Number of protein chains: 2
Amino acid sequence: MVTIQDVAKAAGVSKSTVSMVINNNPKVKTETKYKVLSVIEKLGYVRNVSAVELTTKHKQNLGVIRFQRAELKNSFEGDPFTFYHDVANGIYRELQGSNYGLLHEEIKSTNGICQIPQMVKTNRIEGLLIIGGIFDKQFIETIREKISSVVILGVDYPDYDCVAMDSKFGTYTGIKYLIDHGHRDILFINGPEFTTSTDLKEEGYRLALAEAGIPFNEKRHMKSPFSGSGGYNAIKEVFEKDTTHPTAIFTGSDSIAAGVLRYFYEKRIMIPEDISVATFDDSILTEFGTPPLTSINMNKEQVGIEGYRMLKRRIKNPKAERKCVTVPYKIIDRGSVKKITG
Amino acid sequence: MVTIQDVAKAAGVSKSTVSMVINNNPKVKTETKYKVLSVIEKLGYVRNVSAVELTTKHKQNLGVIRFQRAELKNSFEGDPFTFYHDVANGIYRELQGSNYGLLHEEIKSTNGICQIPQMVKTNRIEGLLIIGGIFDKQFIETIREKISSVVILGVDYPDYDCVAMDSKFGTYTGIKYLIDHGHRDILFINGPEFTTSTDLKEEGYRLALAEAGIPFNEKRHMKSPFSGSGGYNAIKEVFEKDTTHPTAIFTGSDSIAAGVLRYFYEKRIMIPEDISVATFDDSILTEFGTPPLTSINMNKEQVGIEGYRMLKRRIKNPKAERKCVTVPYKIIDRGSVKKITG
DNA sequence: TTGTAAGCGTTATCAC
DNA sequence: GTGATAACGCTTACAA
């Protein structure tokens, strides 16, 4: 292994000079700088990350965590967590060329209590990105005690740097799209209760209705867990109990939409001829699903990119004021909504 | 920050004794051991990973990489890489309780040449897990020059430790299942050309046909990229050009199946009444897809679990002989295949 | 069984 | 501009 010492000897300078060159210290004469650089190149020297970390007391890794509900994961009874992967993709991209490595960890929760990430406990990281998930205040504050640079992705969490999604206006846009296509009896299958995003989505739903002068009907606003079976059960209830059916459905997530589609396929109810469907998320479930659904797309990679930038900012300046950026949405038309005239 | 020194002082012993306690060295007297342990507990001491790495010359991180085709990722024109995520889940699970952190990286390829992972170049990891992907010999050998512990997941790669999937017998099982349900005109839309798994799957297909005395028909063995559009175009070609249609389709991946389903939905060809479909993969695309497809499931988490174990083994004993384990498959019946009597 | 001391590869302080 | 040198927190001979 080539060390800074070897480089120094070969270049005929001291360790400190080499170190300064590596760290782009402007004090070094250009001449010596290039001499050292060429020796580094020739010898194939690379910095020993551990040594750097030890001396500087700064870690060269960032962390990203997600929450796990092991029993349900990837099953129709649960949510496929595609959000996590899409966001992680954005982080990867933005991380290129930096000196940071990216550590991942899955957080288990037992009885609703989330375990503190191992990489936080063992002090391996300089900053942490938390992707979505439902966690308690206790959890996040314990983390911040140990590590000051934390950014939350996917929700607007008070007092923490966040990259949030505009769930309210995303939903508003989706519902308005349906209304503009002539629908007035719209069923909204929202996400689970006691969730910030669910509340925001409800606001968006109500706003769009109000603007169009459509009265809010409790029966047309359902709540469902983020899962295929949740969507399936919800739509089944509506179709089996109600005599009148909505002309359009909007779902709070792709997993819920998957359940709805499955029910319609079973009943041979075709989209969009028989009923219109649109959804919020635009994950690979919708991208690869059948039929393709018109969807609210949130550019999740952008969430990762912004998150990384915010984390860098926070690390650089721990005293910076709290910031929350919101990633815009757009609607992707895939023809699953029929234009009707009432 | 609490150091080993602080613990030593508080416990009234020397640094080395503390170190020995931490490392479970049996030489320490049980009495001193527990004294030290209690002080560690009280002071909340945690090891400084960087210092350990520096002294032992061993890194406390493992790496996992995947390959990226950025332009296509997560689009219907590409493959959603769910394999990667499923496998990663297994690694996470198995990693719990170890001292290792898990570094992720996405590998870019330009003109078919894969870049050497940053974490390998910068010497951050003790071992590397490579998930699937198509890479050249040059790439993998350059990596092994720098880091001796490498395990490849998803394919049987000569001369490297591998956790492979039994693509041949998986396909065989799927095709046999169709045959057992009375199908004799079976279209197999295999994966892309020049791919090991595609060749293996073809072998499985041919074997099942041969056993049933069904002659191999070139027109019934197509190749397609792993993508939704690939499957769509393939099935479209068959249905628009051929006068006779197969009674059953088997696809080489879930993304290909997604394309097939989309075409059938457009043409209002219903599954399984009008045609039977089964697939290889059983990713979330199938889990959440409509209609649910009978599928060959490979327990991808198990691939991750086995991979981690093999990597540990390799790290412990770099001279161990090369090993390749194969993860079994099972068939998940979701009712997308009709029983027919010819 | 425990303590002393050297050393890991780097950065940072301070002379020169 | 550059070079000694101490320090970072830990492990490991070797000595006691």
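Throughout, a chain's letter reflects where its sequence line sits, starting with A, and its residues are numbered from 1. Quick caveat: nothing in here was measured; it's all calculated off a predicted structure.
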- Task: Spell out, as yes or no, whether a donor-acceptor pair under 3.5 Å connects the side chain of Thr195(B) to the backbone of Ser197(B).
- Result: no

- Query: Do Tyr92(B) and Tyr308(B) pass the ring pair (Phe, Tyr, Trp, His ring centres under 6.0 Å) test, and can you show the C-alpha distance, the side-chain angles, and the key distance before you say yes or no?
  - Reply: CA-CA 9 Å; Tyr92(B) 285 134; Tyr308(B) 171 68; over 10 Å; no

- Heavy-atom closest pair, residues Glu53(A) and Ser50(B): OE1-OG, 2.8 Å

- Message: Could you check whether any side-chain N or O of Asn25(A) sits under 3.5 Å from a backbone N or O of Lys27(A), counting only pairs where one atom can act as donor and the other as acceptor?
- Response: yes

- Message: Any side-chain N or O of Ser14(A) below 4.0 angstrom from OP1/OP2 of dG3(D)?
- Response: yes

- Query: Going by atom types alone, do Thr17(B) and Ser14(B) pair a side-chain donor with an acceptor below 3.5 Å?
  - Reply: yes

Would you be so kind as to tabulate the donor-acceptor pairs closer than 3.5 Å made by side chains of residues 124-132 of chain B, with sequence neighbours excluded?
from, atom 1, to, atom 2, distance (Å)
Arg124(B), NH1, Asn99(A), O, 3.2
Arg124(B), NH2, Gln60(A), O, 2.5
Arg124(B), NH2, Asn99(A), O, 2.9
Glu126(B), OE1, Lys59(B), N, 2.8
Glu126(B), OE2, His58(B), ND1, 2.7

- To the nearest 10 degrees, how far apart in direction are the end axes of the helix from dT1(C)-dA16(D) to dC16(C)-dG1(D), each fit to five base pairs? 40°

- Task: Keeping the roles fixed (side chain from Ser19(A), backbone from Lys15(A)), state whether a donor-acceptor pair exists under 3.5 Å.
- Result: no

- Nucleotide range of DNA chain C lying under 4.0 Å from chain A heavy atoms: dG9(C) to dA12(C)

- Message: Take a 6.0 Å sphere around CD of Gln138(A) and say whether it holds more than 12 heavy atoms from other residues, nucleotides or ligands.
- Response: no

- Taking every non-hydrogen atom, the tightest pair across Asp159(A) and Arg144(A): OD2-NH2, 3.0 Å

- Taking for each residue the nucleotide of DNA chain C with the nearest heavy atom, is it Pro26(B) or Leu54(A) whose nucleotide lies nearer the 5' end? Pro26(B)

- Message: Suppose the criterion is salt bridge (Lys or Arg N to Asp or Glu O under 4.0 Å): which pairs have a residue in residues 318-328 of chain B, not counting sequence neighbours?
- Response: Asp156(B)-Arg322(B)

- Note on the structure: In whole angstroms, the gap separating C1' of dC10(D) from CE of Met1(B) amounts to 11 Å

- Query: Knowing that exactly one of Asp6(A), Leu37(A), Val13(A) qualifies, which makes a side chain to side chain contact (heavy atoms under 4.5 Å, CB included) with Val18(A)?
  - Reply: Val13(A)

- Task: Check the pair Leu95(A), Leu62(A) against side-chain contact (heavy atoms from CB on, under 4.5 Å), reporting the backbone distance first and the verdict last.
- Result: CA-CA 10 Å; Leu95(A) 209 64; Leu62(A) 301 180; 4.1 Å; yes

- Taking protein heavy atoms under 4.0 Å as touching, what does nucleotides 11-16 of chain D look like 5' to 3' if B marks base contact, S marks sugar-phosphate-only contact and - marks none? BB----

- Item | Near-strand residues of residues 29-38 of chain A, defined as heavy-atom separation under 4.0 angstrom from DNA chain C | none

- Message: For Phe67(B) and Phe139(B): C-alpha separation, side-chain torsions, deciding distance, then whether ring pair (Phe, Tyr, Trp, His ring centres under 6.0 Å) applies.
- Response: CA-CA 12 Å; Phe67(B) 301 89; Phe139(B) 172 78; 5.6 Å; yes

